[in-house]
Protein chains: 2
Amino acid sequence: MKRVTIEDIAAKLNISFSTVARALNDHPAISEATKNAVKETATRLGYRQNKVAASLRSGRTHIIGVIVPNLQLSFFSAVVHGIERIMNENDYNILLYQSNEALVQEARGIDTFLQSRVDGIIASVTQETREMPHYAEIRKRGIPLLFFDRAIANLEVPSVVIDDFKGGYLATQHLVDQGYRRIVHINTEQNLAIFSAREEGYKAALIANGLAVDASLIVRGPLSLALGEATVDRFVAQQIPFDAIFAVEDFTAMGALQALKKHKIKVPSAVGVIGFANEAFGSLVTPTLSSVDQQTVRMGEESAKLFLKLLQQKGKVMPPEKIVLEPMLVPRASSGNF
Amino acid sequence: MKRVTIEDIAAKLNISFSTVARALNDHPAISEATKNAVKETATRLGYRQNKVAASLRSGRTHIIGVIVPNLQLSFFSAVVHGIERIMNENDYNILLYQSNEALVQEARGIDTFLQSRVDGIIASVTQETREMPHYAEIRKRGIPLLFFDRAIANLEVPSVVIDDFKGGYLATQHLVDQGYRRIVHINTEQNLAIFSAREEGYKAALIANGLAVDASLIVRGPLSLALGEATVDRFVAQQIPFDAIFAVEDFTAMGALQALKKHKIKVPSAVGVIGFANEAFGSLVTPTLSSVDQQTVRMGEESAKLFLKLLQQKGKVMPPEKIVLEPMLVPRASSGNF
DNA sequence: ATGAAAGCGCTAACAC
DNA sequence: GTGTTAGCGCTTTCAT
């Protein structure tokens, strides 16, 4: 089927195709009469602008590349949800790419974005990402770039993150406030700034409350239900005393909770538990799981908004803005009477 | 910064730019020598193909539009995850759009896709969608279209769905097998084929087992924790006897589970419960919640694969293929000793 | 207020 | 095996 172009409309009305283009784009110098005529015939003929042609000529695609590790993690899908919502309202579309936590795939994704001439890129880097020749190239090309959640420390890029230090601090302070003293901390071995920041928050809160930071209470491993369970099993077996657990992530906290139940250790009276992320299941399990909310959808929305600002000031060199969202304590039954 | 084009490479090597283009695209008629020379200078100059120009000329964008109601629902993000994974492997990119269950937004999304000249569209329709002038137009334009999960009955479009009837049947048969007889069914008021199919499965299983379909045991409302809870509350208050609950969706089942606990009704000994969707929380709550798995990631992958087939046979008129995935019973503690 | 004309960077048909 | 040429459908500058 032959596609209808602005020339077809021009021919029908006996005007030049550039007038048609202007009318369609609401150019101020076009009379209302012709605008109406043009738009009317456009819809009558079933005309649809060819954005590919428009993009080639104008150099702008109105497409933003979004690259995340894995859309199956509720954290990332919630953020992408927020990004898409706001971008959509502002007439931008989202080109989606999953890196699967692999550096090669991340690089390939960015390469694709560059070839597709996206107007900008929003990314959350992989766990493998330390440096970023590919990210550096984005900036060299003058394409707006923004990181959310996971940023790269030494690269001066605008970003939207939550205050992970404060999150760790809040969680720990909460446990202390509830009367717990020997607080186990379960973290990952991976080198990701967001996780170490939570640990620093944990330590700072202990110190601020006059409690010692006991290295034997800090456990590392691959975050998972199994890790939480194994940790409790080991502490019980070795009879190491503890009265609370702060895990950097909810599933691990959940594993600990299940193991405590298994060992008939009462929660929260004997041991308190808090996680991080406020996953959906936290309010449904028994006892309900305390956590720290990361404002995921909001993170996506703020990312999109900051990004739109960036697009406006394109060209001008600005110090990279950094939005830090507040983590929110969500106290539930696993750490007291809530 | 001036972008480097194939003409720049051609100038450097004193050959014509079309030879460069052919070399880059591994055209068989180009000598290895020139191919190597071209590729070498291409990387040296930092050349990146302009896909926008290539698309304008070739008429193919290698972009697939994907439209879903809401990415925040784990069901849809899992499917999109699967779609992106397979499409990515096959050098297609995903343009993402959320309809928010609104017909207008769905239409706008499709309009954008059409203007962006996507090579095809994969969609899960909104609850409002009954007819589809916008979907009809896609087909008129000869653009491959595929539905997943929610399809439109009267439109002949290839689709990937699960057998919801069978899912409802399996869930009900399972409850009957466990000895339950008065099985409450909680469904939605919305007119969505997938939900009524589950209800038909429920009824068929009852009949097949010589049990009566009792209209007073079928409840309708806005699916949610609250609906499940309210349903149990009402049955208890009105002293209507029942010994099991099959909700068409896990959150509603979860609400029922919580209300049963509240009323000190033992699960599964006094009342059995099963949901639908196999949400992540099901294996974490107490008692664990039985459910029916929908193979979400696989649905995305199968959608992508079928779609790639469609793209191949473009032009040829084929009877629309329909892939029906098997729902999988996930028996857990809420309906017996699992 | 409108028209003419150039060109964005490629692909592909046709020539030699 | 390589070069020439003609667009794809727009945006945008320069005329008038």
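The sequence lines fix the lettering, A, B, ..., with proteins before strands; numbering per chain opens at 1. On a predicted model such as this, the values are computed, not experimentally measured, just so you know.
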Rounded to whole angstroms, how far apart are [atom1] on [X] and [atom2] on [N]?
| X | N | atom1 | atom2 | answer |
| --- | --- | --- | --- | --- |
| B:L13 | D:dT2 | CG | C1' | 13 Å |
| A:D26 | D:dT12 | CG | P | 15 Å |
| A:R60 | D:dG9 | CZ | P | 21 Å |
| B:R57 | D:dG7 | CZ | C1' | 6 Å |
| A:L24 | D:dG9 | CG | C1' | 12 Å |
| A:L56 | D:dT12 | CG | P | 12 Å |
| B:Q115 | D:dC10 | CD | C1' | 13 Å |
| A:R48 | D:dC10 | CZ | C1' | 17 Å |

Would you say a side-chain N or O of [X] is under 4.0 Å from OP1 or OP2 of [N]?
| X | N | value |
| --- | --- | --- |
| B:T34 | D:dT2 | yes |
| B:S31 | D:dT2 | yes |
| B:T19 | D:dT2 | no |

- [ ] Using the closest heavy atom to pick a nucleotide of DNA chain C for each, name whichever of B:A53 or B:S18 lands nearer the 5' end.
- [x]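 In this pair, the answer is B:A53.
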Open item on the list: Between A:I30 and A:F17, which residue's closest nucleotide on DNA chain C lies nearer the 5′ terminus?
Closed with: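 Between the two, 5'-proximity favours A:I30.
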Would [X] and [Y] count as having a side-chain donor-acceptor pair, cut-off 3.5 Å?
| X | Y | value |
| --- | --- | --- |
| A:R3 | A:Y47 | no |
| B:T34 | B:S31 | yes |
| B:H81 | A:N70 | yes |

Open item on the list: Could you report the tightest heavy-atom contact between A:P320 and A:V157, atom names first, then the distance?
Closed with: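 Taking every non-hydrogen atom into account, CB-C, 3.8 Å.
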Task: A:I152 to A:Y135 - nearest heavy-atom pair and separation - done: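 Closest heavy-atom pair between A:I152 and A:Y135: CD1-CD1, 3.9 Å.
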Open item on the list: Any non-hydrogen side-chain atom of B:D149 less than 4.5 Å from a side-chain atom of B:V79?
Closed with: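 No; the side chains remain at least 4.5 Å from each other.
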- [ ] At the 4.0 Å heavy-atom cut-off to chain A, mark where contacts on DNA chain C begin and end, going 5' to 3'.
- [x]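 Reading along DNA chain C, I get C:dA1 to C:dG9.
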TODO: Before accepting this row, confirm whether a basic side-chain N of the pair A:E156/A:R139 lies closer than 4.0 Å to the acidic partner's carboxylate O.
DONE: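 Looking at A:R139 together with A:E156, the answer is no, because their closest N to O distance does not fall below 4.0 Å.
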Task: Pair A:D26 + A:K39: basic N to acidic O under 4.0 Å - done: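 Salt bridge present between A:D26 and A:K39.
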- [ ] Kindly say whether, by distance alone, the side chain of A:R22 makes a donor-acceptor pair under 3.5 Å with the base of D:dT13?
- [x]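 Yes.
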Open item on the list: Using the side-chain heavy atoms of A:N25, tell me which of these nucleotides is nearest: D:dG9, D:dT11, D:dG3.
Closed with: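 Among D:dG9, D:dT11, D:dG3, the one nearest the side chain of A:N25 is D:dT11.
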TODO: Could you say whether A:H27 or B:I15 is positioned toward the 5' end of DNA chain D, judged by the nucleotide with the nearest heavy atom to each?
DONE: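 Counting from the 5' end, the first nearest nucleotide belongs to B:I15.
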Open item on the list: Classify B:A29 by what it touches in the nucleic acid, base, sugar-phosphate, or nothing, heavy-atom distance under 4.0 Å.
Closed with: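 If one applies the 4.0 Å heavy-atom cut-off, B:A29 turns out to touch a base.
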- [ ] Determine the contact category for B:Q49: base if any of its heavy atoms lies under 4.0 Å from a base atom, sugar-phosphate if only primed atoms, P, OP1 or OP2 are that close, otherwise nothing.
- [x]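 If one applies the 4.0 Å heavy-atom cut-off, B:Q49 turns out to touch the sugar-phosphate alone, with no base involved.
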